Amino acid sequence: MSVPVSQMWAVASYVMRQRLAGRTRYPLVLMLEPLFRCNLACAGCGKIQYPAQILRKHLTVEQCLGAVDECGAPIVSIPGGEPLMYPEIGRLVRELVARKKYVYLCTNALLLKDKLATGAFEPSKYLSFSIHMDGLRAEHDEAVCRDGVYDEAVEAIREALRRGFRVTTNTTLFDGANPLRTREFFDAMMDLGVEGMMISPGYSYAKAPDQEHFLRRQRANELFSRILTHPQRRWKFNQSPLFLQFLMGKRDFECTPWGNPTYNIFGWQRPCYLLQEGYAATFKELLETTRWERYGRKSGNDKCRDCMVHCGYEPTAVNHTFASWRGFVDTVAATVTGRL
Amino acid sequence: MTDTESLEGWVPAIGRGVTLEEVIERAFDYRGNVTVIKADGTRLEGYVSNRNRDVGVPFIQVFDRAGDGPFDIPYADIRTILFTGKDTAAGNSYAAWLRAKEASHQRPRTPPAPGA
């Protein structure tokens, strides 16, 4: 596993503080969506289908920082839309780094080389570019519905690494993914020199154009088992090993929908990053008035039945690490040995 | 989602097989602009970004066509909602993209110009 020690310590101490304070619901990662605009229209994405006046809108930096302060999560993930299209992305990241927030800037990397050339960002242990890569060239270009994107992303990764930035990848795997090709993809990313990889099964957004290729739970377990059994020692994942074991079907977790709360131009999204069942005006209102019992597998909610996505289950895995000695020992063992 | 499932162009008749609450739910789920017709006859065209029915005075929130808002409108002030704008989530762009990709692979390549 590849999460830097300082980041692990920041998360661990934060979780311990929450537990000591007796808080049962607390955020780990703020999903901050400053805009919905994007320069791609990926088949599996349900985030960008809005009328023009909504796509033109974006949060102000002050609104973003207000949400960050209100939420208090130690990690801020900036997805979107494409965050490099946000006019004040450089200033936003500087402000977040100054607050010692660990920032994952999730980008398709099409604009990254230009942004780096203009000096919009400075390398920092708090900043990681999380590059969207859904596989090797053929698979990625198909997933993003445009040829040539893989090659541009690889160039941008090389340039970011050359300039001393932390670079990770985020990969969504859909039904039909080839385990062997995926393993080759992991090798390719390690060859490039990325710090670590993040993987997740796709979620069947009601608004996404491609409704045929999302993974059902059992098929997801089978696929991730075939991909992750006997992992190469050189593969590094920027996520909890317990979450990876969950994907492989070795653990049964329940969703923690408040773990990765989402803030965007509409407010605090209920109940999670994937479902849009309404918005709260404040984070406090989100936590206190969302009917959490309606979500997660145990609830019987059809929309949650097959979901295994990182934004709901990675917080569960992290909580599990600190909930018992067994969870802690299992996490340390997997981290040290690389075995899943 | 297929084109046939889109609500684009729907003019619901409240009380005849559909309630105002149901129409509001559909409007909240709709990824296009709608026209809210208020009880006083005035209209607001825009995007329904939110609705909250679990409060004392249930309301919707709308960003107008210029992107201003959100404007709060109580359920009680709404006569009906027309699905007037384009449904941006309708269609099957993945299938369309696959068809285009397939077509581009089948297209005969242009021979190089003499001397090239």
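Quick caveat: nothing in here was measured; it's all calculated off a predicted structure. In the text below, chain A, chain B and the rest are named by the order of the sequence lines, each starting its count at 1. Atoms considered below: every heavy atom in the structure, side chains included; atoms not considered: hydrogens, waters and symmetry mates.
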(message) Counting only heavy atoms from other residues, nucleotides and ligands, does the tally under 6.0 Å from CZ of A:Arg25 exceed 12?
(response) yes
(request) Just give me the residue among A:Lys57, A:Arg56, A:Arg291 that pairs up with chain B most often, heavy atom to heavy atom, under 4.5 Å. (result) A:Lys57
(request) Go through the steps for A:Arg270 and B:Asn52 under the test side-chain contact (heavy atoms from CB on, under 4.5 Å), then give the verdict. (result) CA-CA 11 Å; A:Arg270 298 184 207 269; B:Asn52 194 338; 4.0 Å; yes
(message) Report, in residue-number order, which members of residues 63-72 of chain B are under 4.5 Å from chain A by heavy-atom distance.
(response) B:Phe63, B:Asp64, B:Arg65, B:Ala66, B:Gly67
(request) Please say whether more than 12 non-hydrogen atoms of neighbouring residues, nucleotides or ligands are located less than 6.0 Å from CD in A:Glu293. (result) yes
(request) Check the side chains of A:Gln53 and B:Asn33 for a donor-acceptor pair under 3.5 angstrom, ignoring hydrogens and angles. (result) yes
(message) For residues 35-49 of chain B, give me every residue with a non-hydrogen atom less than 4.5 Å from any non-hydrogen atom of chain A.
(response) B:Gly46, B:Tyr47, B:Ser49
(message) If we ignore hydrogens and angles and just use 3.5 Å, is the side chain of B:Asn50 paired with the main-chain N or O of A:Gly278 as donor and acceptor?
(response) no
(message) I'd like to know if the side chain of B:Arg31 and the backbone of A:Tyr50 have a donor-acceptor N/O pair within less than 3.5 Å.
(response) no
